[in-house]
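Keep in mind that this is a model prediction, so the values were computed, not measured. Quick note on labels: first sequence line is chain A, next is B, and so on, each numbered from 1.
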Protein chains: 2
Amino acid sequence: MSHTEPPGVRDVTRAKRSSERITKADISRERVLTAAARIFSERGYAGTTMRAVAKNVGLQAASLYYHYRSKEELIEAVLDMGINGVSHAVHAAVAATPPGSSGRDRIDIAIHAHLTSLVRFGDYTLASRRVLGQVPAHVRRKHVRLRDAYGEFWIALLEAARSADELRSDVDLRLARTFILGGLNFALEWYKPQGKALDDVARQFSLLIGDGIFAVPSK
Amino acid sequence: MSHTEPPGVRDVTRAKRSSERITKADISRERVLTAAARIFSERGYAGTTMRAVAKNVGLQAASLYYHYRSKEELIEAVLDMGINGVSHAVHAAVAATPPGSSGRDRIDIAIHAHLTSLVRFGDYTLASRRVLGQVPAHVRRKHVRLRDAYGEFWIALLEAARSADELRSDVDLRLARTFILGGLNFALEWYKPQGKALDDVARQFSLLIGDGIFAVPSK
DNA sequence: GTCTATACTTTGATAGAC
DNA sequence: GTCTATCAAAGTATAGAC
């Protein structure tokens, strides 16, 4: 199983208790958000017009303002989903690791969870990746903080492995972290569900990150 | 030596024979291009206005049209510099490898050249990375082709190493290639010349790509 | 909830003076 | 080469009807 359910109304209408009914507004709001994520990721922040988003869901531009107060609020909602989606998924997966697991096991699990949630929240994570730098400064600050916190989680993962003497002694943790995340995140740009199963990609990446590309008696 | 000269008028006014004088137009044209690269990379394609670029070099918006016929032509010039700058630098560095070099030597040299030229052409490569997807379709097509050709060069590098039996047998070449380029290119987003010397970063990445992060008797 | 109508701003680009 | 002046098109957002 490499693909989980994509996010739906339930995930998107945050904090709605399961007893409450899902209203027409919830549905529209979610359709708008989905369309916005895709269009923001394709055309950038300034290149995305309220008219284009509206047209995509069969509404007039003015109607979007019933669901979101402004374009800024719309991109904020998209960025939230992208960054939190991945971050929560990876935290959860690592937390669910059996007690005796090695650092390497935990890192492999993080790689797998990162990759699958990246793809699961495809348009949202793509939008985060591509427009974070183009967004009004006060919006950007908050999400840069979230992203950095996630980065620190990876440092902790690597540090744990180092403490258990699993790492080569000459590895620079922060450089390794950025390299790993750079390589994984790039998958967003090229991975297509029709191709290789995502589980296989994750396995290959684990191998690459763990052991490199060269045969052992190489150096 | 980790930083080469940044590109100047000579590089930018393409195909101008060294006997010809550099005109006032050449200077303005280059200043416009430099500013455009930075602003495109910061604000995206649609978010960059001709007025903003002009203001940045102390001109009126209308004056830009003396140097570039349109916004499209301007972004094309920026993308050209970004993609060709890196591609040419890496080709040249690998071509200059001594005859007996191993596949690993050549890959290390490519990593170093990729990283240094990435940083040398900073704003241009950043612009390519960030706005390629936002640009009018016919502009994008050409540059996607260039980028893909560069990717194939890396496949050839890896294939050569495989033929010499230097690679672990279970490495998927195309996956390894995208992972490596993803990790290297991400450096664009965080590398600051004030920090660690770029040569050291390149060395770390070579180690990471070659041998991974885990100590040898780990698996 | 979604519409039509519209106010106001900013955009890429051109014309023609200097 | 660069300027001022200007245009038509497109942008965000609001008001008020249904």
Side-chain angles (χ1 to χ4, degrees), chain A residues 9 12-13 16 20-36 39-40 42-79 127 131 134-139, chain B residues 9 12-13 16 20-37 39-40 42-79 127 131 134-140:
Chain A
V9 219
V12 169
T13 65
K16 179 149 272 195
E20 296 178 70
R21 292 184 52 242
I22 291 178
T23 65
K24 184 178 175 192
D26 291 331
I27 307 227
S28 277
R29 198 182 150 89
E30 198 238 340
R31 297 189 63 221
V32 168
L33 191 64
T34 305
I39 301 179
F40 274 126
E42 286 171 0
R43 310 192 199 168
Y45 181 67
T48 296
T49 68
M50 298 300 266
R51 289 187 223 286
V53 174
K55 188 170 187 182
N56 209 266
V57 295
L59 291 180
Q60 292 301 311
S63 307
L64 299 191
Y65 291 87
Y66 177 82
H67 303 287
Y68 297 91
R69 299 159 66 106
S70 65
K71 190 179 173 181
E72 280 190 21
E73 204 178 285
L74 185 52
I75 189 65
E76 271 198 78
V78 170
L79 295 176
V131 312
Q134 302 169 15
V135 127
H138 66 277
V139 176
Chain B
V9 219
V12 169
T13 63
K16 179 150 270 195
E20 296 178 72
R21 291 183 53 239
I22 290 177
T23 66
K24 184 179 175 191
D26 290 331
I27 307 230
S28 277
R29 198 182 149 89
E30 196 239 342
R31 297 188 63 219
V32 168
L33 191 64
T34 305
I39 301 178
F40 273 127
E42 286 171 1
R43 311 191 200 168
Y45 182 67
T48 297
T49 67
M50 297 302 264
R51 284 170 171 77
V53 174
K55 187 170 187 181
N56 208 267
V57 296
L59 290 180
Q60 293 300 313
S63 307
L64 298 191
Y65 291 87
Y66 178 82
H67 302 286
Y68 297 91
R69 298 158 66 108
S70 66
K71 190 180 176 182
E72 280 188 21
E73 204 178 285
L74 185 52
I75 189 64
E76 271 198 79
V78 170
L79 295 176
V131 312
Q134 302 169 15
V135 128
H138 66 277
V139 176
R140 182 165 58 246

*Atom-to-atom span, CD of B:Q60 to C1' of C:dA17 - whole angstrom*: 15 Å

*asked:* So A:S28 and A:R31, do their side chains get closer than 4.5 Å, heavy atoms only?
replied: no

_Any B:S63 side-chain N or O less than 4.0 Å from OP1/OP2 of D:dG1_ = no

*Mind calculating the distance between CE (A:M50) and P (D:dA13) to the nearest angstrom?*
6 Å

*N or O in side chain of B:R51 less than 4.0 angstrom from C:dT10 OP1/OP2*: no

_With a 4.0 Å cutoff (strictly under), does any side-chain N or O of A:Y66 reach OP1 or OP2 of C:dG1?_
yes

*Quick one: is C:dT2 close enough that its OP1 or OP2 comes under 4.0 Å of any side-chain N or O from A:S28?*
yes

_Reported NZ-to-OG1 distance for the pair A:K71 and A:T48, which is rounded to 0.5 angstrom_ = 6.0 Å

*Could you tell me whether the side chain of A:E72 reaches within less than 4.5 Å of the side chain of A:Y45, counting heavy atoms only?*
yes

*Can you find a pair of side-chain heavy atoms, one from B:R29 and one from B:Y66, that are under 4.5 Å apart?*
no

_Between P of C:dG1 and NZ of A:K24, the distance in whole Å_ = 7 Å

_Spacing between A:R29 atom CZ and C:dT2 atom C1', to the nearest angstrom_ = 16 Å

*Starting at atom NZ of B:K55, determine the distance to atom C1' of C:dT10, rounded to an integer number of angstrom.*
14 Å

_Gap separating the NE2 atom of B:H67 from the CD1 atom of B:I27, nearest 0.5 angstrom_ = 11.0 Å

*B:V9: which of B:L33, B:T23, B:D26 passes side chain to side chain contact (heavy atoms under 4.5 Å, CB included)*: B:D26

*asked:* Within the 4.0 Å heavy-atom criterion, would you say A:A25 contacts the bases, only the backbone, or no part of the nucleic acid?
replied: sugar-phosphate

*asked:* Quick check: do A:Q134 and A:F40 have side-chain heavy atoms less than 4.5 Å from each other?
replied: no

*Could you tell me whether the side chain of A:M50 reaches within less than 4.5 Å of the side chain of A:L74, counting heavy atoms only?*
yes

*Rounded to the nearest angstrom, tell me the gap between atom CZ in B:R31 and atom P in D:dT2.*
9 Å

*Taking five pairs at each end, how big is the angle between the two axes of the helix from C:dG1-D:dC18 to C:dC18-D:dG1, to 10°?*
10°

*Atom-pair distance (OH on A:Y68; P on D:dT12), nearest Å*: 16 Å

*Would one find a side-chain N or O of B:K71 under 4.0 angstrom from OP1 or OP2 of C:dG12?*
yes

_Strand-adjacent residues in residues 42-49 of chain A, judged by heavy atoms under 4.0 Å from DNA chain D_ = A:T48, A:T49

*Between D:dT6 atom C1' and B:Y65 atom OH, what is the distance in whole Å?*
14 Å

*If every non-hydrogen atom of B:A127 is compared with every non-hydrogen atom of B:A37, which pair is closest and at what distance?*
CB-O, 3.8 Å

